Amino acid sequence: MTWKTAVANIPYGGAKGGIGCNPGDLSIAELERLTRVFTQKIHDLIGVQRDVPAPDMGTNSQTMAWILDEYSKFHGHSPAVVTGKPIDLGGSLGRESATGLGLVFATEALFSEYGKSIADHTFVIQGFGNVGIWAAKSIYDRGGKVIAVSGITGAIKNPNGIDISALLKHKGNNGALKEFSGGEAMGPNELLVHECDVLIPCALGGVLNKENAADVKAKFIVEGANHPTDPEADEILSNKGVIILPDIYANSGGVTVSYFEWVQNIQGFMWEEEKVNNELKKYMTNAFQDIKKMCKTHNCDLRMGAFTLGLNRVAHATLLRGWEA
């Protein structure tokens, strides 16, 4: 998160933390009690100008609302202490879609280098949670063809393109992906090596590895998940000429709009959704241009360019503060 926020050029550091449990095994009441007790244990470690939690896997806006409420019992009402909150409690418009939409803005920035657009490509999306859904919807709205999708309820393909609007309606009715009439069921592992222009892994880490990397047929990989490509796969794919838009940049839309939410809470002034999305596009586009400059300077790929950008920014700030050894 430290390097990701540096690449995004927002004034955050970063860490990851959480509770070892399966939220799906717990009732709403159990989740609330667990979240509140967790907040009681960490309330002195978090704060508006100290450490600002945001939602990730297994959590949602309701989780953030519980944290806010419990924290406020100790410190007074402090909406800026967490992001990803419900709109009615000071959440930002556009936060729910931010990671998936940011992913698409990043992809558009990449394609602009080749004089291409979303509409010129076919897409395969692994993972149909929050990130995958918003990415699929944004691609579909821009004329891109999503030809295969997978989630915890199965995987489907349609060479003519999946009707994402119909699929979302099917999912909203608690329908399993593999039962969707607008596509043919396929194996989840087959999806990663399916013929397409762009592969977007939006699920767990390590799904692209030395066992399957050689069989990947996509020309581009846009990393929606954290660390979906392990180092061995990264080398194999690079040697094949696959262009990889790294997670440290590609999925930074969520934390970027978390920053916008924090800014709005501190200002006490909420933005329109159009402004949030316009600012997100600006940040994603600028970050891509900064990465490309690093790539040209150091003659490296996008992943190394992104890491170099993030590390350089943190190192520069460290030196300015007089922390050099």
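As the structure is a computational prediction, the values presented were derived from the model and not from experiment. All heavy atoms count here, side chains included; hydrogens, waters and symmetry mates do not. By convention here, the first residue in the shown sequence is residue 1.
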- Item | Donor on one side chain, acceptor on other, T63 and N60, under 3.5 Å | yes
- Does W134 share a hydrophobic cluster with L103, counting links as ILVMFWY side-chain heavy atoms below 4.5 Å and allowing steps through other members? no
- Task: Tell me whether F307 is reachable from V314 by hopping between hydrophobic residues (I, L, V, M, F, W, Y) whose side-chain heavy atoms are closer than 4.5 Å.
- Result: yes
- Could you give all pairs that pass the ring pair (Phe, Tyr, Trp, His ring centres under 6.0 Å) test and reach residues 23-56, with sequence neighbours left out? H43-F74, H43-H75
- Task: Step by step, work out the side chain to side chain contact (heavy atoms under 4.5 Å, CB included) result for E179 and I156.
- Result: CA-CA 9 Å; E179 296 169 354; I156 57 168; over 6 Å; no
- Task: Look at the side-chain heavy atoms of Ile, Leu, Val, Met, Phe, Trp and Tyr, link any pair under 4.5 Å apart, and say whether V124 and I200 land in one connected group.
- Result: no
- Item | Other residues, nucleotides, ligands: >12 heavy atoms within 6.0 Å of K157 NZ | yes
- Query: Do other residues, nucleotides or ligands put more than 12 heavy atoms under 6.0 Å from Q267 CD?
  - Reply: yes
- Heavy-atom closest pair (I291 atom, L302 atom, distance to 0.1 Å) is CG2-O, 3.8 Å
- Query: Going from OG1 on T229 to CZ on R303, what distance comes out if it is rounded to the nearest 0.5 angstrom?
  - Reply: 5.5 Å
- Are side-chain N/O atoms of T122 and D197 paired as donor and acceptor at under 3.5 Å? yes
- Is the shortest side-chain N to carboxylate O distance from R36 to D69 below 4.0 Å? yes
- Please round to the nearest 0.5 Å and tell me the distance separating atom CG of D230 and atom CG of N209. 5.5 Å
- Task: Please tell me if the side chains of K4 and V255 come closer than 4.5 Å, counting only heavy atoms from C-beta onward.
- Result: yes
- Note on the structure: Tightest non-hydrogen contact, residues F111 and F123, listed as CE1-CZ, 4.1 Å
- Query: Would Q289 and E113 satisfy side chain to side chain contact (heavy atoms under 4.5 Å, CB included), going step by step from the backbone distance to the final call?
  - Reply: CA-CA 10 Å; Q289 296 305 323; E113 294 285 305; 4.1 Å; yes
- Query: In terms of heavy-atom contacts, does CG of L26 have more than 12 from other residues, nucleotides or ligands at under 6.0 Å?
  - Reply: yes
- For side chain to side chain donor-acceptor pair (under 3.5 Å), just list the numbers for R142 and S117, CA-CA rounded to whole Å, side-chain angles, deciding distance to a tenth of an Å, and then say yes or no. CA-CA 9 Å; R142 287 162 171 75; S117 69; over 6 Å; no
- Query: Taking atom types as modelled, is there a side-chain donor on E70 or T35 under 3.5 Å from an acceptor on the other?
  - Reply: no
- Salt-bridge contact E235-K210 (side-chain N to carboxylate O under 4.0 Å): no
- Within the side chain of W262, is there an N or O that forms a donor-acceptor pair under 3.5 Å with the backbone of Q49? no
- Query: Is there a side-chain contact between N173 and K169, using heavy atoms and a 4.5 Å cut-off?
  - Reply: yes
- Query: More than 12 non-hydrogen atoms from neighbouring residues, nucleotides or ligands closer than 6.0 Å to CE on M1, yes or no?
  - Reply: yes
- Check whether more than 12 heavy atoms from other residues, nucleotides or ligands sit under 6.0 Å from atom NZ of K282, and answer yes or no. no
- Message: In the structure I gave you, are the side-chain heavy atoms of L31 and W66 within less than 4.5 Å of one another anywhere?
- Response: yes
- Query: Given side chains that start at C-beta, do those of V198 and K219 come closer than 4.5 Å, heavy atoms only?
  - Reply: no
- Message: What verdict does the side chain to side chain contact (heavy atoms under 4.5 Å, CB included) test give for S258 and V52, after you've listed the backbone C-alpha separation in whole Å, the side-chain angles of each residue and the deciding distance to 0.1 Å?
- Response: CA-CA 9 Å; S258 274; V52 181; over 6 Å; no
- Does the side chain of V7 come within less than 4.5 Å of S252's, by heavy atoms? no
- Transitive ILVMFWY cluster of I87, excluding itself - 4.5 Å side-chain cut-off: L93
- Members besides M57 in its Ile/Leu/Val/Met/Phe/Trp/Tyr cluster (side-chain heavy atoms under 4.5 Å): L204
- Message: Could you check whether S92 and Q264, counting side-chain N and O atoms only, form a donor-acceptor pair closer than 3.5 Å?
- Response: yes
- Item | Donor on one side chain, acceptor on other, D120 and Y114, under 3.5 Å | no
- Do the side chains of L34 and C21 get nearer than 4.5 Å, heavy atoms only? yes
- Taking all heavy atoms of P53 and all of I46, pick out the closest pair and write down the distance. CG-CG2, 3.9 Å
- Report yes if some heavy atom in the side chain of I221 is under 4.5 Å from a heavy atom in the side chain of L245; otherwise report no. no
- Task: Let me see the working for N160 and K145 under side chain to side chain donor-acceptor pair (under 3.5 Å), right down to the final yes or no.
- Result: CA-CA 8 Å; N160 297 315; K145 188 183 290 186; 5.6 Å; no
- Item | Euclidean distance, I147 CD1 relative to H194 NE2, rounded to 0.5 Å | 4.0 Å
- Which distance, rounded to the nearest 0.5 Å, do you find between the CE of M64 and the CZ of R95? 9.0 Å
- Which atom names give the shortest non-hydrogen contact between S72 and H77, and what distance separates them? OG-CA, 3.5 Å
- Query: Counting heavy atoms not belonging to N239, are there more than 12 under 6.0 Å from its CG?
  - Reply: yes
- Note on the structure: Partner of P201 under side-chain contact (heavy atoms from CB on, under 4.5 Å), picked from D247, L191, V207, is V207
- Under 4.5 Å between side-chain heavy atoms, hopping through other hydrophobics if needed: is there a path connecting I162 to L177? yes
- Item | Working for salt bridge (charged side-chain N to carboxylate O under 4.0 Å, His left out), residues R50 and D44 | CA-CA 10 Å; R50 192 171 187 181; D44 279 335; over 6 Å; no
- Query: For K73, does the NZ atom sit with more than 12 other heavy atoms under 6.0 Å from it, leaving out its own atoms?
  - Reply: yes
- State the CD-CG distance between E211 and L192, to the nearest 0.5 angstrom. 12.5 Å
- Message: Counting C-beta onward and ignoring hydrogens, is there a side-chain heavy-atom pair between N9 and R313 closer than 4.5 Å?
- Response: yes
- Message: Before you tell me yes or no, could you show the steps for D51 and I42 under side chain to side chain contact (heavy atoms under 4.5 Å, CB included), namely the whole-Å CA-CA distance, both residues' side-chain angles and the distance that decides it to 0.1 Å?
- Response: CA-CA 10 Å; D51 199 330; I42 67 167; over 6 Å; no
- Message: Just verifying a value: how many Å separate I243 CD1 and L237 CG, rounded to the nearest 0.5 Å?
- Response: 11.0 Å
- Query: Side-chain donor-acceptor pair under 3.5 Å between N251 and N226, yes or no?
  - Reply: yes
- Taking the inter-plane angle between the rings of F260 and W271 on a 0 to 90° scale, is it parallel (under 30°), tilted (30 to 60°) or perpendicular (over 60°)? tilted
- Where do A65 and L89 come nearest, in terms of heavy atoms and distance? CB-CD1, 3.6 Å
- Query: F105 and F288: aromatic ring centres closer than 6.0 Å?
  - Reply: no
- Query: If only atom types and distance count, is the side chain of Y283 paired as donor or acceptor with the main-chain N or O of V257 below 3.5 Å?
  - Reply: no
- So, for G13 and T5, which heavy atoms are closest and what is the spacing to 0.1 Å? O-OG1, 3.3 Å
- When clusters are formed by joining ILVMFWY residues with side-chain heavy atoms under 4.5 Å apart, either directly or through shared neighbours, do M270 and I266 land in the same one? no
